[in-house]
Asker: 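Provided herewith is a single structure, encoded as structure tokens, for subsequent inquiry.
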Amino acid sequence: MIEQTAPGFKFKLLHGEHCTPRRGELHTPHGIIETPCFWPVGTVGSVKLILPDDLNSTGAQGMLSNTYHLLLRPGDEALTQLGGLHRWGGWKKPILTDSGGFQVMSLATHRKLSEECVLFQSHIDGSKHILSPERSIAIQRAIGADIIFMLDVCPAFEASEKELREAHERTLLWAIRNRRAFAEFPSRYGHDQTLWAVVQGATDLALRREAAATLAEGNDFGYAIGGLAVGEPKELMYPAIAAVTETLPIAAPKHLLGVGTPDDLLSGIALGVDSFDCVLPTRNARHGIAFTSRGIIRIKNERYKLDQEPLDPDCKCACCRQISRSFLRHLYFASEATAARWLTYHNLSYYNQLLTEARDAIAASRFPEFAATKRVGWTENI
RNA sequence: GGUGGGGUGGCCGAGUGGUUAAUGGCAACAGACUGUAAAUCUGUCGUGCACCGCACUACGUAGGUUCAAAUCCUACCCCCACCA
């Protein structure tokens with residue numbers, strides 16, 4: 001069995017040592033995560049609309065939060081005084097934090113990028129905040145996340161060749177500073193943290209391999225694949241993922257940032273990805289979309305007006321056990337917050353059920369067959 | 001009975017002679033969303049069709065003035081307020 005350790009952490013590959021898909025266990029100071037797994041996104045320290053207990057019952061094993069947003073408020077000083085996010089936010093399972101690298105892209109109009117750092121102008125009050133590899137590590141230390149990511153530069157899909165190259169090179173240079181800062185700044189709350197590198201390179205396979213190979217020399221505990229699902233066609237996304245997972249060390253856990261749809265997860269798993277995070281199940285829930293084993297349901301659509309079926313007859317979640325599509329539609333149009341809450345709860349439950357089944361399928365060496373039966377694309381569930 | 005105000009597309013509500021099939025908002029219908037500036041945003045929304053265009057019907061009702069009217073005039077109907 002392949003296993004790698006770091007203070008407070010262990011990643012055990014239970015299946016897929018020399019091939020994909022992989023089935024594993026990621027031991028963290030806040031519990032063991034069965035991989036492949038999905039991390040729901042709680043940008044400001046909380047998954048929107050969902051209480052920690054409910055998040056727990058969706059089957060979520062961890063939560064991803066965000067450095068930039070928590071820097072703006074409450075700020076790292078307050079976080080330190082409050083004892084870190086685990087203590088402050090009530091979520092006791094593992095926490096993963098994005099470094100703020102995504103905001104380099106998503107908030108491109110609010111930042112200035114230099115060789116040294118990113119200067120953000122707050123989208124909330126216009127105040128200025130510097131995010132450098134050192135600052136990002138310091139803030140993630142203050143948050144107390146189990147897994148923290150290196151500050152990277154995430155290029156936009158439309159980025160020019162030159163911008164792409166710069167983002168790639170800066171990400172590699174910053175990796176060194178990220179590691180140094182991680183070594184210099186101690187963890188704060190008596191539990192260990194682990195630093196993962198972020199691989200960029202857009203859909204350029206050579207660039208991806210180069211980034212992965214260079215970063216691998218740093219012997220980081222885990223790796224994240226960034227800069228995908230930002231608008232590029234899927235035919236380009238999947239090879240980019242493969243280029244990275246093939247190049248990185250087998251023993252290291254690999255996270256695919258910001259992906260994706262249920263089908264993307266199945267594809268990612270097949271390519272050797274161990275974990276995912278994405279806003280899709282939560283954001284789309286608020287926008288009236290449910291993911292189901294038979295396709296998506298746009299609950300606003302008229303055809304669900306008198307539909308007494310549950311969202312997904314095969315789903316075991318509390319929503320599918322208790323209320324119908326028509327009632328959800330009614331709640332949605334009545335602008336009841338519970339509509340979005342039910343849908344968020346269902347979507348997260350659905351994602352986690354899918355991954356639980358995927359892990360079982362991997363363990364039973366029948367993942368390809370399993371995945372084939374689960375792919376639904378973006379077809380509508382009627 | 002008198003005086004004043006008002007009747008606009010499913011609803012509310014702008015518009016007081018000419019780029020008006022008629023601003024907005026709501027409702028309705030459809031779509032987008034992938035490390036969350038998003039419980040947000042976009043499109044359609046009188047009818048018909050050969051539907052990036054054309055035709056028809058529309059601003060209480062009926063007439064009238066005018067090259068041109070939701071907008072001006074007359075009558076009538078209805079609603080609201082106040083006064084008798």
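All values below come from the heavy atoms of this structure, side chains included, with hydrogens, waters and symmetry mates left out. Numbers restart at 1 for each chain; the letters A, B, ... are given by sequence-line order, proteins then strands.
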Asker: When rounded to the nearest Å, what value does the distance between C1' atoms of B/rG15 and B/rA21 take?
Answerer: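 Approximately 14 Å lies between the C1' atom of B/rG15 and that of B/rA21.
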Asker: Looking for any heavy atom pair under 4.0 Å, which part of the strands does A/T344 touch: base, sugar-phosphate only, or nothing?
Answerer: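 It contacts nothing in the nucleic acid.
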Asker: Using the C1' atom on both, measure B/rC12 against B/rG63 and round to a whole Å.
Answerer: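 The same atom, C1', in both gives a distance of 31 Å.
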Asker: Write down the distance separating the P atoms in B/rA39 and B/rU44, rounded off to the nearest Å.
Answerer: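 Comparing P positions in B/rA39 and B/rU44 gives a spacing of 24 Å.
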Asker: Applying a 4.0 Å non-hydrogen cut-off, can you work out what A/D277 is touching in the nucleic acid: base, sugar-phosphate, or nothing?
Answerer: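 Counting heavy atoms under 4.0 Å across all strands, the contact made by A/D277 is with sugar-phosphate only.
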Asker: Where the side chain of A/T20 meets the backbone of A/A270, is there a donor-acceptor pair that is under 3.5 Å apart?
Answerer: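 Yes: the side chain of A/T20 pairs with the backbone of A/A270.
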Asker: Please give the distance between the P atoms of B/rG13 and B/rU65 as a whole number of Å.
Answerer: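 Result for the P pair: 34 Å, nearest Å.
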Asker: Taking OP1 and OP2 of B/rC29, is either one under 4.0 Å from a side-chain nitrogen or oxygen of A/R329?
Answerer: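 Looking at the OP1 and OP2 atoms of B/rC29, one of them is under 4.0 Å from a side-chain N or O of A/R329.
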Asker: Rounding to an integer number of angstrom, what distance separates B/rG4 and B/rA58 when you compare their P atoms?
Answerer: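 Comparing P positions in B/rG4 and B/rA58 gives a spacing of 32 Å.
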Asker: Would you please name every residue forming a side-chain hydrogen bond (donor to acceptor under 3.5 Å, both in side chains) with A/D264, sequence neighbours left out?
Answerer: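 If we apply the side-chain hydrogen bond (donor to acceptor under 3.5 Å, both in side chains) test to A/D264, skipping adjacent residues, the hits are A/K234, A/Y238, A/T261.
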Asker: May I ask you to say what A/H110 touches in the nucleic acid, namely base, sugar-phosphate or nothing, with a heavy-atom cut-off under 4.0 Å?
Answerer: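 The residue A/H110 makes base contact.
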Asker: Verify the ring-centre separation between A/W39 and A/Y351: is it less than 6.0 angstrom?
Answerer: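 Judged by ring-centre distance (under 6.0 Å), A/Y351 and A/W39 do not meet the cut-off.
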Asker: Determine whether the side chains of A/S57 and A/Y345 contain a donor N or O and an acceptor N or O closer than 3.5 Å.
Answerer: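 Yes, because at least one side-chain N or O of A/S57 sits under 3.5 Å from a partner of the opposite role on A/Y345.
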Asker: So what does A/F276 hit on the nucleic acid, given a heavy-atom distance under 4.0 Å: a base, only sugar-phosphate, or nothing?
Answerer: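 No contact.
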Asker: Please work out if A/L107 contacts a base, only the sugar-phosphate, or nothing of the nucleic acid, heavy-atom cut-off 4.0 Å.
Answerer: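 If one applies the 4.0 Å heavy-atom cut-off, A/L107 turns out to touch a base.
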Asker: Checking side-chain polar atoms at under 3.5 Å, does A/Q103 have a donor or acceptor matched by the opposite partner on A/R111?
Answerer: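 Absent: no donor and acceptor within the cut-off.
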Asker: So if I take every side-chain heavy atom of A/N301 and compare against B/rU36, B/rG31, B/rC33, which nucleotide ends up nearest?
Answerer: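 Looking only at heavy atoms from C-beta outward on A/N301, the closest nucleotide is B/rG31.
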Asker: Send over the distance from A/H129 NE2 to B/rA37 C1', rounded to a whole Å.
Answerer: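 Between C1' of B/rA37 and NE2 of A/H129: 14 Å.
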Asker: Starting at CE of A/M105 and ending at P of B/rC33, how long is that distance when rounded to a whole Å?
Answerer: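 Roughly 14 Å, once rounded to whole Å.
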Asker: What integer number of Å spans the C1' atoms of B/rA22 and B/rA14?
Answerer: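 After rounding to an integer number of Å, I get 10 Å for this pair.
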Asker: Show me the protein contacts with nucleotides 39-47 of chain B, counting only N or O atoms at under 3.5 Å.
Answerer:
{"residue": "B/rA39", "atom": "OP2", "partner": "A/R286", "partner atom": "NH1", "Å": "2.5"}

Asker: Looking only at the side chain of A/K234 (C-beta and beyond, no hydrogens), which of the listed nucleotides B/rU34, B/rU36, B/rA30 gets closest?
Answerer: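 The answer is B/rU34.
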Asker: Taking the C1' atom in each of B/rA84 and B/rA28, what is the distance between them to the nearest angstrom?
Answerer: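 One C1' to the other, the span is 48 Å.
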Asker: Report the relative orientation of the aromatic rings in A/F221 and A/W196; use parallel for angles under 30°, tilted for 30 to 60°, perpendicular for over 60°.
Answerer: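 Because their plane-to-plane angle lies in the 30° to 60° range, the rings of A/F221 and A/W196 count as tilted.
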Asker: Taking 4.0 Å as the cut-off, does a side-chain nitrogen or oxygen of A/Q103 come that near to OP1 or OP2 on B/rG35?
Answerer: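 Checking A/Q103 against B/rG35: no side-chain N or O falls below 4.0 Å of OP1 or OP2.
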Asker: Looking only at atom C1', what distance separates B/rC56 and B/rC51, rounded to whole Å?
Answerer: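 The same atom, C1', in both gives a distance of 15 Å.
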Asker: Which helical stems does RNA chain B take part in, if a stem means at least 3 consecutive Watson-Crick or G-U pairs with both distances below 3.5 Å?
Answerer: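 Stems found: B:1-7 with B:77-83, B:10-12 with B:24-26, B:28-32 with B:40-44, B:46-49 with B:53-56, B:60-64 with B:72-76.
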Asker: Within the modelled atom types, does a donor on one side and an acceptor on the other bring the side chain of A/Q140 and the base of B/rG35 under 3.5 Å apart?
Answerer: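 A donor-acceptor contact between them is absent.
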Asker: Counting any heavy atom closer than 4.0 Å, what does A/L96 reach on the DNA or RNA strands: base, sugar-phosphate only, or nothing?
Answerer: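 No contact.
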Asker: Under 4.0 angstrom, heavy atoms only, what part of the nucleic acid is A/G231 near: base, sugar-phosphate, or nothing?
Answerer: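 No contact.
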Asker: Would you kindly check whether a donor in the side chain of A/S106 faces an acceptor in the base of B/rU36, or vice versa, at under 3.5 angstrom?
Answerer: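 No.
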Asker: Do NZ/NE/NH1/NH2 and the carboxylate oxygens of A/E116 and A/R177 come within less than 4.0 Å?
Answerer: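 So A/E116 pairs with A/R177 through a salt bridge.
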Asker: Checking ring-ring contact (aromatic ring centres under 6.0 Å, His included) against A/H255, which of A/F38, A/F11, A/F149 comes through?
Answerer: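 Answer to the ring-ring contact (aromatic ring centres under 6.0 Å, His included) test with A/H255 among A/F38, A/F11, A/F149: A/F149.
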Asker: Decide, yes or no, whether a salt bridge links A/D54 with A/R341 under the criterion of side-chain N to carboxylate O below 4.0 Å.
Answerer: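 Looking at A/R341 together with A/D54, the answer is yes, because their closest N to O distance falls below 4.0 Å.
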Asker: Tell me what A/E232 touches on the nucleic acid: a base, only sugar-phosphate, or nothing, going by heavy atoms under 4.0 Å.
Answerer: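 Answer is nothing: A/E232 stays at 4.0 Å or more from every strand.
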Asker: Can you find a side chain N or O atom of A/N66 that sits less than 4.0 Å from OP1 or OP2 on B/rG35?
Answerer: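 No, outside the criterion.
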Asker: What are the two closest non-hydrogen atoms of A/F157 and A/P233, and how far apart are they?
Answerer: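 Where A/F157 meets A/P233 most closely, the heavy atoms are CZ-CD, 4.2 Å.
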Asker: In whole angstrom, give the distance that lies between atom CG of A/L236 and atom C1' of B/rU34.
Answerer: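 Computing the A/L236:CG to B/rU34:C1' distance gives 16 Å.
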Asker: Would you sort out whether A/R165 and A/D204 count as a salt bridge (Lys or Arg N to Asp or Glu O under 4.0 Å), showing the intermediate values?
Answerer: CA-CA 10 Å; A/R165 182 112 222 141; A/D204 183 324; 5.9 Å; no
